[in-house]
Amino acid sequence: MSAPLYEGKSKQVFAGDEPGTYLIHFKDDATAGNGEKHALLDNKGVLNAAISNLIYDYLAKNGVPTHLIKVINETDVLVKAAKILPLEVIIRNVAAGSFSKKYGVPEGNELKSRVVEFSLKDDGLGDPMLSPSHILALGLATEEEIFDVTVQALKVDELLIALFDKAGIRLIDFKLEFGKTDDGKIILCDEISPDSCRLWDAGTNEKMDKDRFRRDLGNVMDYYAEVLDRLKKVL
Ligand code: TMP
């Protein structure tokens, strides 16, 4: 296979066979702490691809435009080419992670309303948080694009809360990335998986996501496999 056009921490992006497409390969690499911690987790690429593909299919059926065109094999998908907005869009339903640390709110505390948070996709700068006016000032997106991304992210949140609820899982928070196609449409890109979401068991509040890796809680892939099993049962 030819060299990737782009290699990220957990995925490679290649030119697709058809014009206007990319092929994304999900890797087994896991990183945390801005790349300081790294491991190969056997089967992670397969599990994340399977989970993300199920979710993207569900979102598309419910009216969310996504990049996914077709699944090629266990670890590879063909997607629409899009210029990725340099933004991480984080939605928080429950306090956890950096929000808990920054604002001194215990993890697991319910929030009075959902948080929509933006940060700059730049590991060198430590992904600093952005307000909409920062995004405009830096020319990262237009006002209309910020609105579009926010509306889509909140819709994804509602759809995912309902889906995970059926699977006995609480959706605590998650990160999305969006891209702009040649015809100027904003579509959901990247992945949605236990790498990019906090997922807690609804009965026990056990963590079923990448925090198991970040915090050395063990059995990381067993929990990813459990997330996949439960999603398969409800989709
Ligand atoms: P945070 O609490 O560390 O800010 O993370 C919020 C959510 O976003 C959590 O589900 C993990 C996810 N996330 C990523 O997928 N990639 C990232 O680079 C960051 C900072 C967070």
Side-chain angles (χ1 to χ4, degrees), residues 1-31 35 38 40-90 118-123 127 139-142 144-146 148-149 151-153 155-156 159-160 163 174-197 210 221 224 227-228 231-232 235:
M1 187 172 274
S2 56
L5 299 173
Y6 168 81
E7 176 136 18
K9 285 176 283 200
S10 62
K11 288 188 292 298
Q12 290 172 312
V13 180
F14 298 89
D17 282 345
E18 299 148 40
T21 66
Y22 294 142
L23 184 146
I24 296 182
H25 171 72
F26 286 74
K27 305 194 291 183
D28 282 348
D29 296 68
T31 62
H38 175 258
L40 281 178
L41 300 179
D42 196 27
N43 218 32
K44 183 167 87 81
V46 169
L47 289 169
N48 273 356
I51 292 167
S52 193
N53 293 341
L54 281 178
I55 290 175
Y56 274 45
D57 191 35
Y58 162 78
L59 292 175
K61 283 183 180 139
N62 285 281
V64 177
T66 87
H67 70 167
L68 184 63
I69 299 172
K70 70 176 176 198
V71 175
I72 294 182
N73 60 37
E74 278 190 320
T75 52
D76 298 352
V77 289
L78 188 74
V79 302
K80 284 181 201 150
K83 197 161 183 289
I84 302 294
L85 299 179
L87 302 175
E88 301 199 333
V89 183
I90 292 170
F118 301 101
S119 59
L120 180 66
K121 245 174 86 74
D122 187 324
D123 287 343
D127 296 341
L140 305 173
T142 65
E144 198 183 358
E145 287 164 352
I146 298 169
D148 198 352
V149 157
V151 169
Q152 287 195 44
K155 180 168 180 184
V156 169
L159 288 167
L160 289 189
L163 174 67
F174 58 97
K175 185 260 308 178
L176 301 176
E177 292 183 25
F178 291 89
K180 197 172 170 177
T181 58
D182 274 349
D183 53 4
K185 208 172 153 202
I186 299 286
I187 60 173
L188 181 62
C189 294
D190 198 52
E191 70 178 281
I192 299 181
S193 73
D195 271 12
S196 61
C197 302
K210 195 172 156 187
M221 286 304 99
Y224 280 41
V227 170
L228 177 59
L231 285 179
K232 277 184 180 162
L235 278 169

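Residues take their numbers from the sequence shown, with the count starting at 1.
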Task: Short side-chain to backbone donor-acceptor contact, N73 and D76, under 3.5 Å - done: yes
Task: Closest contact, heavy atoms only, T31 versus K9 - done: OG1-CD, 3.3 Å
TODO: Could you tell me whether the side chain of F174 reaches within less than 4.5 Å of the side chain of V156, counting heavy atoms only?
DONE: yes
Open item on the list: Within the structure provided, determine whether D190 and K175 are in side-chain contact (heavy-atom separation under 4.5 Å).
Closed with: yes
List, one per line, each side-chain donor-acceptor pair under 3.5 Å for residues 12-19, sequence neighbours excluded.
from, atom 1, to, atom 2, distance (Å)
Q12, NE2, E7, OE1, 3.2
Q12, NE2, E7, OE2, 3.4

Open item on the list: Does any part of the side chain of N48, heavy atoms only, come nearer than 4.5 Å to the side chain of E191, both counted from C-beta?
Closed with: yes
Task: Candidate pair K61 and D57, rule side-chain contact (heavy atoms from CB on, under 4.5 Å), full reasoning - done: CA-CA 6 Å; K61 283 183 180 139; D57 191 35; 3.1 Å; yes
Open item on the list: Under the rule for salt bridge (Lys or Arg N to Asp or Glu O under 4.0 Å), what residues qualify as partners of D122, not counting sequence neighbours?
Closed with: none
TODO: State whether the side chain of K155 and the backbone N or O of N62 hold a donor-acceptor pair below 3.5 Å, judged by distance alone.
DONE: yes
Open item on the list: Do L54 and L228 make a side-chain contact, defined as non-hydrogen atoms from C-beta onward lying under 4.5 Å apart?
Closed with: yes
Task: Distance (rounded to the nearest 0.5 Å) between Y58 OH and L159 CG - done: 4.5 Å
Task: All side chain to side chain donor-acceptor pair (under 3.5 Å) counterparts of N53, not counting sequence neighbours - done: none
- [ ] Over all heavy atoms of both residues, which pair between K121 and L85 is shortest? Give the atoms and the distance, please.
- [x] CD-O, 4.3 Å
Open item on the list: Less than 4.0 angstrom from a charged side-chain N to a carboxylate O is my criterion; do K83 and D182 meet it?
Closed with: no
Open item on the list: D127 vs L120, test: side-chain contact (heavy atoms from CB on, under 4.5 Å). Steps then yes/no.
Closed with: CA-CA 5 Å; D127 296 341; L120 180 66; 5.9 Å; no
Task: Nearest-0.5 Å distance that lies between atom CD1 in I187 and atom CD in E177 - done: 12.5 Å
Open item on the list: Just checking Y22 against H67, ring centres under 6.0 Å apart?
Closed with: no
Task: From SG (C197) to CD1 (I90), nearest 0.5 Å - done: 11.0 Å
TODO: Please confirm whether the backbone N or O of I186 pairs with a side-chain atom of Q152, one donor and one acceptor, at under 3.5 Å?
DONE: yes
Task: pair P194-K210: side-chain heavy atoms closer than 4.5 Å - done: no
Task: 4.5 Å side-chain heavy-atom contact, V77 and L23 - done: no
Task: Rounded distance (nearest 0.5 Å) linking atom CG of L68 with atom CG of L59 - done: 10.5 Å
Task: Worked verdict on L140 versus L87 for side-chain contact (heavy atoms from CB on, under 4.5 Å) - done: CA-CA 8 Å; L140 305 173; L87 302 175; 4.1 Å; yes
Task: From CG (L78) to CD1 (I69), nearest 0.5 Å - done: 4.5 Å
- [ ] May I ask you to check whether S193 and D195 show a side-chain donor-acceptor distance below 3.5 Å?
- [x] no
Open item on the list: Between V46 and F26, is the side-chain contact (heavy atoms from CB on, under 4.5 Å) condition met? List the steps.
Closed with: CA-CA 7 Å; V46 169; F26 286 74; over 6 Å; no
Open item on the list: What's the separation between atom CG in L176 and atom SG in C189, rounded to the nearest 0.5 Å?
Closed with: 10.5 Å
Task: Donor-acceptor contact present, side-chain T75 to main-chain G45, <3.5 Å - done: no
Open item on the list: Show the nearest heavy-atom pair for residues A153 and F178, with the distance to one decimal.
Closed with: N-CZ, 4.1 Å
TODO: Inspect the contact between K44 and D29 and indicate whether a charged nitrogen and a carboxylate oxygen are less than 4.0 angstrom apart.
DONE: no
